[in-house]
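The chains referred to below are lettered A, B, ... by the order of the sequence lines, with proteins before strands, and numbering in each begins at 1. The model shown is predicted, which means the values in this text are computed figures rather than measured ones.
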Protein chains: 2
Amino acid sequence: MVKFLSESPVTSADKTFFQLRKDIVEGNIQPGSKLSETELSTKYAVSRAVVREAINRLETCHLVERRANVGARVVTLTPEGLIQLYQVRESLEGMAARLAATNMTDEEVNELETLLSEHFQEVKEGQSYYQEAGDVDFHYRIIVGSKNEHLISMLINGIYHLVRMYRVQLGMAGPRVSTAFDEHKHIVQAIANRDGELAEMLMRRHILYSKNNIEKKLQ
Amino acid sequence: MVKFLSESPVTSADKTFFQLRKDIVEGNIQPGSKLSETELSTKYAVSRAVVREAINRLETCHLVERRANVGARVVTLTPEGLIQLYQVRESLEGMAARLAATNMTDEEVNELETLLSEHFQEVKEGQSYYQEAGDVDFHYRIIVGSKNEHLISMLINGIYHLVRMYRVQLGMAGPRVSTAFDEHKHIVQAIANRDGELAEMLMRRHILYSKNNIEKKLQ
DNA sequence: AAAGCACATATTGTCGACAATATAGAGATT
DNA sequence: AATCTCTATATTGTCGACAATATGTGCTTT
């Protein structure tokens, strides 16, 4: 169950994949830049086969684009891409919230409420540097709480890293601080009331606002 | 644009991937069975590296599950899995229909209407053996018509092959013939009227009915 | 007899080398 | 001068061999 959150690399290809993904998402490897297999294999001190496997996995995350016999490049971010990404995210996370309202155990709901109050303390004390981690954790729990494997996989393996990449590239460390917190609170209330429809609607709005906020930065 | 429909294999790993996917989806390789790398490499006359890459891609389609140092098995189908799959499909294809109503060109809408009338002829003449291909084509066009790359990729690379696999395993060659046709007709009308909300709702119902139909077979 | 341990075996993970392909640049041609 | 062709080079695709790991078998021990 927690396997989605604590990805523990067991194989060398795993480690290389996680490292590369981190480097791309956090901007250490620039969008549009080429991923040379030989270069990376010397850099990370592994064989080319390992790097190839890592790049293949990055491709399925939509973090790199690969052309046969040519190579892989880190995706370039575009305003259209951001809009399309948030369209999908709105739909999927809305669905996750709806399912979570039905499928989360009482204990999981309690933990979500605890997380929220911790979050509240941090916001009150102005510890905005915990923001991103807190926000990611909040969304993660609801996604996992949906108990739908396909949904979980698409969001956590696919969408989320791209979202983070956009945030980093646009220089937005965390989400909108105080307003986002209120939105989180209402979503949790709806889930605690087992009101799936409301939870979905609130989550969709929450993500829509978030998109609008990011779009402002883009222009 | 058409790249999603006409996947042309250029590399040896591509061909192996397509072949394996076909064999799994069409039931030539049974659910739950082990995919031995050495065995497959002799069977398809390619190196183990090629087979490994193909299996990796199958894993990202959720057609096989892999455990490190142990190997890959074809997924086993469960009633819960089917329900979760159709939950996601309902949401995503509903979204696709909504976006298609906005983003399809007039020409694409015309082609969709043409396809539908061809389909109608076939149903009238009782050529139900064209059913599945026609149904798949219908859904494909709307998905591609959404013009959302993420959505297209998730549905066509991920969901659809699993759906087909369930259909084959449950012995349902095509979808429900006559009623499904009417549903298709209404969806196209909504798209032609550029009524995204209605198109989404009708598509969701269409998939819901389809799910109910399959669930009956499961018990 | 059941449980635990050690070892043999088969499978996956990793590696370096070779083959096939794309790209850039020099030279030839109009 | 511009374009085309050919070649050299670098990169990716493929392969077979070796290393590391998991699993099953037989033995030992209680």
When rounded to the nearest 0.5 angstrom, what is the spacing between [atom1] in [X] and [atom2] in [Y]?
| X | Y | atom1 | atom2 | answer |
| --- | --- | --- | --- | --- |
| Glu183(B) | Ile207(B) | CD | CD1 | 10.0 Å |
| Asn148(B) | Leu99(B) | CG | CG | 6.0 Å |
| Glu113(A) | Asn110(A) | CD | CG | 5.5 Å |

Between protein and nucleotides 6-11 of chain D, what N or O pairs are separated by less than 3.5 Å?
residue : atom : partner  : partner atom : Å
dT11(D) : O3'  : Lys34(A) : NZ           : 3.4

| said: Students often mix this up, so state it plainly: with edges at 30° and 60°, are the rings of Tyr160(B) and Tyr140(B) parallel, tilted or perpendicular? | reply: perpendicular
| task | Please work out which of the three classes, parallel, tilted or perpendicular, describes the rings of His184(B) and His206(B), given edges at 30° and 60°. | result | perpendicular
Return the polar atom pairs (N/O with N/O) between nucleotides 14-18 of chain D and the protein under 3.5 Å, or none.
residue : atom : partner  : partner atom : Å
dT14(D) : OP1  : Thr11(B) : OG1          : 2.7
dT14(D) : OP1  : Ser12(B) : N            : 2.5
dT14(D) : OP2  : Thr11(B) : OG1          : 2.9
dC15(D) : OP2  : Ser47(B) : N            : 2.7
dC15(D) : OP2  : Ser47(B) : OG           : 3.0

| Rounded distance in Å - CD (Glu65(A)) to C1' (dT12(D)) | 18 Å
| CZ of Phe17(A) versus C1' of dG13(C): gap in Å, rounded? | 17 Å
| With ring centroids as reference points, do His62(A) and His161(A) lie under 6.0 angstrom apart? | no
| field | Closest approach of Ile143(B) to Ser146(B) (non-hydrogen atoms, all atoms of both residues) | value | O-OG, 2.7 Å
| query | Between Thr11(B) (side chain) and Asp14(B) (backbone), is there a donor-acceptor pair under 3.5 Å? | reply | no
